[in-house]
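Report on one structure; see the data block that follows.
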Amino acid sequence: MPLRSALRESKILLNYESPERPVVHVFFIASGTCYVGYSLPENSSSFYYMGIPRLKFPSDAPSRSTLKLEEAFHVFIPADEWDERLASGMYAVDLGACPGGWTYQLVQRSMMVYAVDNGPMAPSLMETGQVMHERADGFKFCPPRTNISWLVCDMVEKPLRVANLMTDWLVNGWCREAIFNLKLPMKKRYEEVTQNLAMIEERLHENGINAQIRARQLYHDREEVTVHIRRIWAAVGGRRDER
Ligand SMILES: C[S@@+](CC[C@H](N)C(=O)[O-])C[C@H]1O[C@@H](n2cnc3c(N)ncnc32)[C@H](O)[C@@H]1O
């Protein structure tokens, strides 16, 4: 690490890592050319060293996507709340579930999962007895029960369509928390995300729903961001949005 040593000699870097000090970011675009930036600890977007969570890919998981949902749980749900918010016996819906990487994470938490997708689910997941495979369109699927805790969604679709669908579920009180991806193949990704988040916030507000909304590009994300929304409470008499 010649750069690290040189920065230490110049007294720019401490001799030890400190989570309380600003972090310098150096991005090389050629051997002698780089962008330099810094982040302040209170505004740091990642609590993992170098932003890389060391998650082990479970050999029995049906797809590598499983790591995206696992990382999202680590990033969005404090460890001491897992037993309450990712609890055994909860019901979850996974829209665009196949082959089952995300469903696998929910099953690992001993949840019962409605896996919605026309594709094939991994037989190993079906054998757990915790998964109900619904061959249906995720945009038309209605939850068959009223006690769904989690909605997760990894459908490859236009961000605005997914954002509206997730908002419908929250407005209708069909789930308590949602984690979903907004796929961003377009050029103006930041603008796209900002507009979608503003739309979600506005619709929830209009319907008297107080929710916590957070979005991150996770280490395991590609051209996408992961959004977490937690419904905190709904105003009495808040308008229900019918689809
Ligand atoms: C990226 S894959 C999901 C991978 C999955 N999260 C995993 O970890 O294995 C996207 C899935 O969404 C499904 N999908 C796309 N549009 C859908 C729709 N309208 N309704 C249901 N599923 C849909 C596709 O069939 C595909 O299996």
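All residue numbers refer to positions in the sequence shown, counting from 1. Just so it is clear, the structure is predicted and the values come from calculations on it, not from any experiment.
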Taking [Y]'s backbone N and O only, do any of them form a donor-acceptor pair with [X]'s side chain (distance below 3.5 Å, no angle check)?
X: Glu223; Y: Arg189; answer: no
X: Trp169; Y: Leu151; answer: no
X: His220; Y: Pro53; answer: no
X: Asn196; Y: Glu192; answer: yes
X: His74; Y: Ala79; answer: no
X: Arg8; Y: Leu14; answer: yes
X: Asn172; Y: Trp174; answer: no
X: Asn181; Y: Lys183; answer: no
X: Thr33; Y: Ile29; answer: no
X: Ser110; Y: Ser88; answer: no

request  = Would you mind checking if Glu157 and Arg161 are paired as a salt bridge, meaning a charged N to carboxylate O distance below 4.0 Å?
outcome  =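 Result for this pair is yes, salt bridge flagged.
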
>> Salt bridge or not between Arg85 and Glu177? Use side-chain N to carboxylate O under 4.0 Å.
In response: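 Judged by the 4.0 Å cut-off on N to carboxylate O distance, Arg85 and Glu177 do form a salt bridge.
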
- Query: Passes side chain to side chain contact (heavy atoms under 4.5 Å, CB included), Arg4 versus Leu13? Steps please.
  - Reply: CA-CA 7 Å; Arg4 210 175 269 268; Leu13 262 196; 3.6 Å; yes

For [X] and [Y], which heavy atoms make the closest approach, and how far apart are they?
X: Met199; Y: Leu160; answer: CE-CD1, 3.9 Å
X: Gly119; Y: Cys98; answer: O-SG, 3.1 Å
X: Leu197; Y: Ala215; answer: CD1-CB, 3.9 Å
X: Ala61; Y: Thr66; answer: CB-CG2, 3.8 Å
X: Phe76; Y: Pro78; answer: O-CD, 3.7 Å
X: Arg231; Y: Cys175; answer: CD-O, 3.6 Å

Just so I know, are the side chains of [X] and [Y] near enough to count as touching, which here means a heavy-atom distance under 4.5 Å?
X: Glu224; Y: Lys68; result: yes
X: Val113; Y: Val93; result: no
X: Val36; Y: His25; result: no
X: Thr226; Y: Gln217; result: no

Any salt bridge (Lys or Arg N to Asp or Glu O under 4.0 Å) involving residues 89-109? Give me the pairs, sequence neighbours left out, ordered by first then second residue.
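Sorted pair list: Asp83-Arg109.
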
Would you list the pairs meeting salt bridge (Lys or Arg N to Asp or Glu O under 4.0 Å) in which at least one residue belongs to residues 24-35, sequence neighbours left out?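 The answer is none; no pair qualifies.
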
Just do the side chain to side chain contact (heavy atoms under 4.5 Å, CB included) check on Phe180 and Val162 with the steps written out, would you?
-> CA-CA 8 Å; Phe180 55 97; Val162 172; 3.9 Å; yes

Is the number of heavy atoms from other residues, nucleotides or ligands within 6.0 Å of [atom1] ([X]) greater than 12?
X: Phe73; atom1: CZ; answer: yes
X: Glu201; atom1: CD; answer: no
X: Lys158; atom1: NZ; answer: no
X: Arg222; atom1: CZ; answer: no
X: His205; atom1: NE2; answer: no

Would you kindly say whether Arg203 and Asn164 are connected by a side-chain donor-acceptor distance under 3.5 Å?
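Distance-only check passes for Arg203 and Asn164.
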
Membership question, hydrophobic clusters at under 4.5 Å side-chain separation (ILVMFWY): are [Y] and [X] in the same one?
X: Ile52; Y: Val23; result: no
X: Leu218; Y: Phe57; result: no
X: Val116; Y: Tyr91; result: yes
X: Phe28; Y: Ile12; result: yes

Working note: Leu86 + Gln108, criterion side chain to side chain contact (heavy atoms under 4.5 Å, CB included); need CA distance, chi angles, decisive distance, verdict. CA-CA 10 Å; Leu86 295 168; Gln108 288 299 93; over 6 Å; no

- request: Identify the residue among Pro62, Ser65, Cys153, Ser63 that makes a side chain to side chain contact (heavy atoms under 4.5 Å, CB included) with Trp102.
  value: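 Between Trp102 and the candidates, side chain to side chain contact (heavy atoms under 4.5 Å, CB included) is satisfied uniquely by Ser65.
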
I need the [X] [atom1] to [Y] [atom2] distance, nearest 0.5 Å.
X: Met132; Y: Met112; atom1: CE; atom2: CE; answer: 4.5 Å
X: Glu84; Y: Ser149; atom1: CD; atom2: OG; answer: 11.0 Å
X: Ile179; Y: Gln105; atom1: CD1; atom2: CD; answer: 10.5 Å
X: Asp154; Y: Leu69; atom1: CG; atom2: CG; answer: 9.0 Å
X: Leu184; Y: Glu191; atom1: CG; atom2: CD; answer: 11.0 Å
X: Leu165; Y: Met155; atom1: CG; atom2: CE; answer: 5.0 Å

Which pairs of donor and acceptor atoms, one on a side chain in residues 120-131, lie under 3.5 Å apart (sequence neighbours left out)?
unit_1 : atom_1 : unit_2 : atom_2 : d
Thr128 : OG1    : Leu125 : O      : 2.5
Thr128 : OG1    : Gln130 : N      : 3.2
Gln130 : NE2    : Val107 : O      : 3.3
Gln130 : NE2    : Met111 : O      : 2.8

Exercise for review: Evaluate side chain to side chain contact (heavy atoms under 4.5 Å, CB included) for Arg216 paired with Val225, printing each intermediate quantity in order.
Suggested key: CA-CA 6 Å; Arg216 291 267 190 287; Val225 291; over 6 Å; no

Aromatic ring pairing Tyr114/Phe141, orientation class (parallel under 30°, perpendicular over 60°, tilted between):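 Tilted.
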
